[in-house]
Each structure stands twice: as structure tokens, then as C-alpha cells.
Amino acid sequence: MKIKKKIKPDKNQSEKRELHSQNGQDEEHVEDERHHYGSGEISAKPGWLLHWNLTVSVFILAVLLVLEYAFDVKLDNLFLLIVNAIAYLLAGWSILEMAFRKAKRGDIFNEFVLMSVATLGAFYIGEYTEGVAVMVFYSMGEWFQNSALSKAKASIKALLDIRPDEVTVVRNGITQSINPSEVRLGEEITIKPGEKVALDGELLSKNSSFDTAALTGESKPDTRYKGEQIFAGMINLNTVAEVKVTALFKDSKLSKILEMVQDATARKSQTQLFISRFAKVYTPIVFFLALAVVSAPYFFVEDYIFNEWLYRGLVFLVISCPCALVVSIPLGYFGGIGLASRNGILFKGGNFLDVMTKVNAIVMDKTGTLTKGVFNVQQVVVCDFEETELIRLAAVLEKNSTHPIGEAVVNYAGNSIGNIMATNVEEIAGHGLKGRIENKEVLAGNLKLLKKFNISHPPEIEKIVYTIVVVAVNSKYAGYITIADEIKEDAVQAIKEMHSLDIKTVMLSGDKQTVVDEVAKQVGINAAYGDLLPEAKVEKVQELKNQGFHIAFVGDGVNDAPVLAFADAGIAMGGLGSDATIETADVVIQNDQPLKLISAIKIGKITRRTVWQNIILAMVVKIIVLTLGAGGIATLWEAVIADVGVALLAILNAVRIQRMTF
């Protein structure tokens, strides 16, 4: 996703640089991976050929094992060598090729070289069948692992990639079907019942119901009325809907969501980065330990037999392969991102799944986060001024604001605004608006705006609990408009569940303290601070950080972008949220429900638990079999079964996340 304001370079830019360096794959290494079918990248061989190779190898191996163990047939050694060599090359040619390409560049401490050395060593000591078995099972494990990885990536993309290929547009009174990317701003498109909306726009029809599950994770139909926003990805449920296009195909909300999800799969968590670094150290260590297993006994064992100790070293190499860790861990994070997406929560990287598990303080904005942000004018009080004139001037000025309070004033004024425009409009962050209307200087905003311009006002209005928009004309107080908002239905339940998880809750708002206190009392929040400018919100978050809290900040307005960037996890309410807020955030809640914050935390914990289960399982089994192999108890058969078996168990455990219902 293209970030318009690079507010947090450490989280985005430096992390991407670290990602590339930790992957250990420059362009040449990426090209290497494309020659190996197990890499999950573009294969150099067609899929059917790879399946055929493995199938033939398995068939040859099975026949030889049946002849040797079931019928006790003694075959000629040269014949066994030739047949096993054919099966070995069919199963492992791509692995041998990768090992050679990497070794040629000096990269000898990797799983491809380990498997190649181990299996060729088995042939050297005459254990042909075991050498083939190791390569066959390893190749099958690689195939299963990367098949699961590819499907995980594909499922995440397919989950939201529901953009239709055609859209019906009305041009010059003629209806025609064209590609959505060819539709221009302001054109009218028609969506029939059952069709997916291809572009963001404004509903021109009287009303229509839409399925918004792809965007919000909610299956409940959403009825929109004339003038309301319609987003790409929605499905029209009943009547034909006419929509005026307000965003190009590439700028639609769904397109941006897809970019976010695709970027998320490329961004590593700290656990993944640790495992990548661990594998780079771990692999050479076990390689030299295997050499020690082969050579050290020569100096201490009287009846030292080279082939016997070489066999033990080969077992050590096979079981030491780190592929179970390297593949299953990112698969776990992909599963977590996919599960969150299905529930209307977009994580912009696996690292933010980790961050959510550590959060012990959630700081929230008020309007649009805990309240609906749907304001209505309740009362108009004037002071030596005409009520209709005050409403008209305030509405003309507020037309330049996207804040829900401003929209409430404009809606209340209705047609009285006419075609009048405000000039020299200035938005003063955290205060309100200033502009000229019909040669009058008009101010509309909160009480801080009047104080900033030293405009006197009746002291009693500071005691009003509800949100008010004060208006001043030509530096003289003219009156105020009372605005009321509603608390979201699930806000109280969300706060209760946060407290049950021992999470501190704090509300920060630019609204006046009396309003903030009232909302905090209704939802049961721990602490609430009002009358805050954007920089003051950052200061409050810094205070909490200094107290040792790991903080998630939730907001939806442009003014929330700085504090979103500053928090450990920035969470945007994506339905009402501004583009700047959504771009700055690390996590996006698509349906604006506070209760989804609990889901985000739980999904993060499920993902982290699964990842660490895989790490512990792999390490415990490897340590046990490594010890048995060095002691001469475990064979190559047991080593490869343990290695591939652990990898497959780890993969199944990771894939389980994608199938969860939440």
C-alpha cells in the first residue's frame, strides 16, 4: 500500500529492509528458489512431471522394500545401486541442483546441502534403500509444506479478491459492460441484484440492501439510502441500484484492503525473524557436530569403524534439518492473518499479531470509536443573533469539514445553505474552522476556538454536558448548537471484556471534559481525558508508555494519525475512518465495532500459541532423535520419519488456524 505520509519509518521502512536482509535472499538466491519446486516460487518443471517423478520413486522404493523384507530376495549389488540411483535422482534432482547452486556461491549450511550430504553418504556406505527413502520422504515433506504455504497465501488473497471483471456503466444514455478500471469519476454504474459492487460510490437510488461480509465480516444485510456511500466488495441483495462513482478502481476501499493483506503476508514477525537468524546459526553448528560424531570417536573408541560412525553422523544431519521451523512458522502467521480477515480485521503484518498479545492498555478516541459518530442537532441557542442565520453561516463553514459534527450541522441546515461558499477557510486542529462568508469572518468549533481568538462568551456554556459547536461572527460570540452522539451497542461489552483480560482502558478526546466524562461513565472506562489537541494525545500515550504499558491506540480521524503512529499498535476504525488514519494504522477494524478489538487480541494469542507449539514440538523431537542418532540407536529411517513427521504435524497445527470459526 502506498503510504502518503511516512509517519513511522521504524515500523514500515526499516522493517522492510530488515525483512530482506533476514530472508538471506538476494536476487540470485530468489532465482535459485525458482529452480526448486519446494520453494513455493515459480517452478522450473511442470507440476505433473514433479508428481510423476515422486510417484515413480515411491513405486521403486516400495518394490525393493517388499522384495527385500517380505520375500527375502537377494538382489545383485550393482543392480540395486543402479535402480536405487534412478529412484534417488527422480526424487531428489531438484534438491541436488539447489544444493549445488548454493554451495557454488559459498552457502553450504542449508537444508539442501544437509540432505544431499546425508543421502549421498548413505550410498557411500552401501545403504542405498535408506538413502533413497530419506530423499523421497524429504521431497514429499517439502512438497506438502510448500503446497500448504502456497494455499495459505492463495486463501488470504482469495478471501478478499472478489472484484468483478465487468461493470455496467451508463454513458450517453447507453448501458454498456466494461472493465471497472476504465470507469471514470462521476460516471453512473448499475448494480443488479446478486451482483458485486466493483467501485466505491454514492447511492443514487432511493435505497438498497447490501451484503457487506467481504469487507466487515458481518453477514447481516446493510441497508443504504440515497446519498450514502457504497463500497466495492459489497453484494447488492434486492433491487437494482444506481451508483455515482466517487473513486477510481485502483483507489477503491477493496483495492486498498487487498494491498494491505498482500503486504501483510510479506512482513515478518519478530518470531519469524528470530527463527531465520536461529537457522543461520543452528545449521552450521549441527553440521560440525555431525563431523565431530564421525571423527571424534576415532581418538577414544578402540574398535572404531568409520562406516558405523559415518552412519551415525548421517542420521544426525537428517534430523537436524530446520525446515519444519522455517516453513510452519510463517504458515501459522498467514493463518492468523487469514482468520482475522474473515472476521473483518486486517493485520498489516504478522508482527502486529505478536504486538497484540502484549497489549495491556487500550487507549481509544471517543467519536467514531466508542460512539457511532452519527450526530444530530438537539438545540440552537443564540445571543443577539437570528437562529436561522446562525445555522446557515455555521453550515456553510462546516461544509469544508469531514468531521461528523460538521456533517450534523450541514444536514440540519438543509437547503438553507444554497450555493453560498466560504472563502479563506482555515482548519485549526483541535479547535474548529475559520473562514469568510459574505464579507463576515465566521468561527465555528469548540470553546478552545473562542479562547484562542480571545472572544468572550457566557460562562454558563462551559457547564453544558453535551457537545456544542460555538459560533462567532466578526469576533463576537453569536451562539451555540448542541450536538448529541450515540454510544455504540457493543461498546459496554467491549470494555467489560477488556477489563476481564486485565487490560487498562483509557479514552482521549478533543471533546470537552464533561462530555468525555459522561461517555466514560456510561461505558465503564478506567480513565478519560478531554479537551486534548493531537499533540496532547501523544503526550498521554507517552505517559502510559513510561509506566511500562504496551499500548494499542484506536481512532478514526485524521487528527488521530500521529498518536496511531506513536502507539505500539495503531488500530483504525475502517468504516468511518479517514484514509490517512487507515494508512497509518497497523490494524484496521472494518465494521467499526469495538468488540472486534477483543477478537484481534484473541486471534493474536491463538496465532502465537500455535507458533510456539510448533517450535517446542520441533525442538524437543529433534533433540531426542539427535541424541539417539549420535548414540547409534536411531537409524536413517527413524530420522527421516521424525523430521518429516514433525514438519507435517507442525503444518497441520498451523493450517488449523485457518479453519477456525471465531
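Just so you know, these numbers use all the heavy atoms, side chains as well, and skip hydrogens, waters and symmetry mates. Just so it is clear, the model here is predicted, and its values are computed rather than measured.
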Practice problem: Using the side-chain contact (heavy atoms from CB on, under 4.5 Å) rule, take L96 and F112 through it: C-alpha gap first, then chi angles, then the decisive distance, then the call. | Solution: CA-CA 7 Å; L96 291 170; F112 304 109; over 6 Å; no

Exercise. Flag the pair R312 / F316 as yes when at least one side-chain heavy-atom distance between them is below 4.5 Å, and no otherwise.
Key: no

Self-check item: Heavy-atom closest contact (M135 atom, G92 atom, distance)
Solution: CG-CA, 3.5 Å

Quiz item: Less than 6.0 Å separating the ring centroids of Y128 and F123?
Solution: yes

Quiz item: Do F59 and V63 have side-chain heavy atoms sitting under 4.5 Å apart?
Solution: yes

Quiz item: Going through the distances and angles, do M498 and I598 end up as a side-chain contact (heavy atoms from CB on, under 4.5 Å)?
Solution: CA-CA 7 Å; M498 289 176 199; I598 306 300; 3.5 Å; yes

Exercise. Please name the pair of heavy atoms, one in T357 and one in R608, separated by the smallest distance, quoted to 0.1 Å.
Key: OG1-CD, 3.5 Å

Self-check item: Between CD1 on residue I601 and NZ on residue K596, distance to nearest 0.5 Å
Solution: 13.5 Å

Quiz prompt | F566 six-ring face occupied by K545 cation (under 6.0 Å, within 45°) | solution = yes

Quiz item: Less than 4.5 Å apart, any side-chain heavy atom of I95 and any of S116?
Solution: yes

Quiz prompt | Exercise: identify the closest heavy-atom pair between I60 and A87 | solution = CG2-CB, 3.8 Å

Quiz prompt | Shortest non-hydrogen separation from Q613 to N653 and the atoms involved | solution = OE1-ND2, 3.0 Å

Practice problem: Look up atom CD1 in I615 and atom OG1 in T610, then write down how far apart they are to the nearest 0.5 Å. | Solution: 11.0 Å

Quiz prompt | Verdict with reasoning, D568 to V359, per side-chain contact (heavy atoms from CB on, under 4.5 Å) | solution = CA-CA 8 Å; D568 296 298; V359 167; 5.8 Å; no

Quiz item: Does some side-chain heavy atom of F549 sit less than 4.5 Å from a side-chain heavy atom of V363?
Solution: no

Exercise. Take I125 and L314, measure what side-chain contact (heavy atoms from CB on, under 4.5 Å) needs, and give me the verdict at the end.
Key: CA-CA 11 Å; I125 61 176; L314 297 178; 4.3 Å; yes

Quiz item: Quick check: does any side chain N or O of N343 sit under 3.5 Å from a backbone N or O of I345, one acting as donor and the other as acceptor?
Solution: no

Exercise. Kindly indicate whether the side chain of N614, heavy atoms from C-beta on, has any atom under 4.5 Å from the side chain of L649.
Key: no

Quiz prompt | Interatomic spacing from CD1 in I606 to CG in L353 - rounded to 0.5 Å | solution = 10.5 Å

Quiz item: Heavy-atom distance under 4.5 Å between the side chains of I571 and D586, does that happen here?
Solution: no

Quiz item: Can you name the nearest heavy-atom pair linking V541 to I551, along with the distance?
Solution: O-CD1, 3.4 Å

Exercise. Classify the side-chain pair Y333/T607 by whether it contains a donor and acceptor separated by less than 3.5 Å.
Key: no

Quiz item: What are the two closest heavy atoms between V293 and G313, and how far apart are they?
Solution: CG1-N, 3.9 Å

Could you pull out all donor-acceptor pairs under 3.5 Å where a side-chain atom in residues 294-305 meets a protein atom, sequence neighbours excluded?
unit_1: S295; atom_1: OG; unit_2: L291; atom_2: O; d: 2.8
unit_1: Y304; atom_1: OH; unit_2: V294; atom_2: O; d: 2.6

Self-check item: Heavy-atom side-chain contact between K504 and I362 under 4.5 Å
Solution: no

Quiz item: E497 versus K602: any side-chain heavy-atom pair under 4.5 Å?
Solution: yes

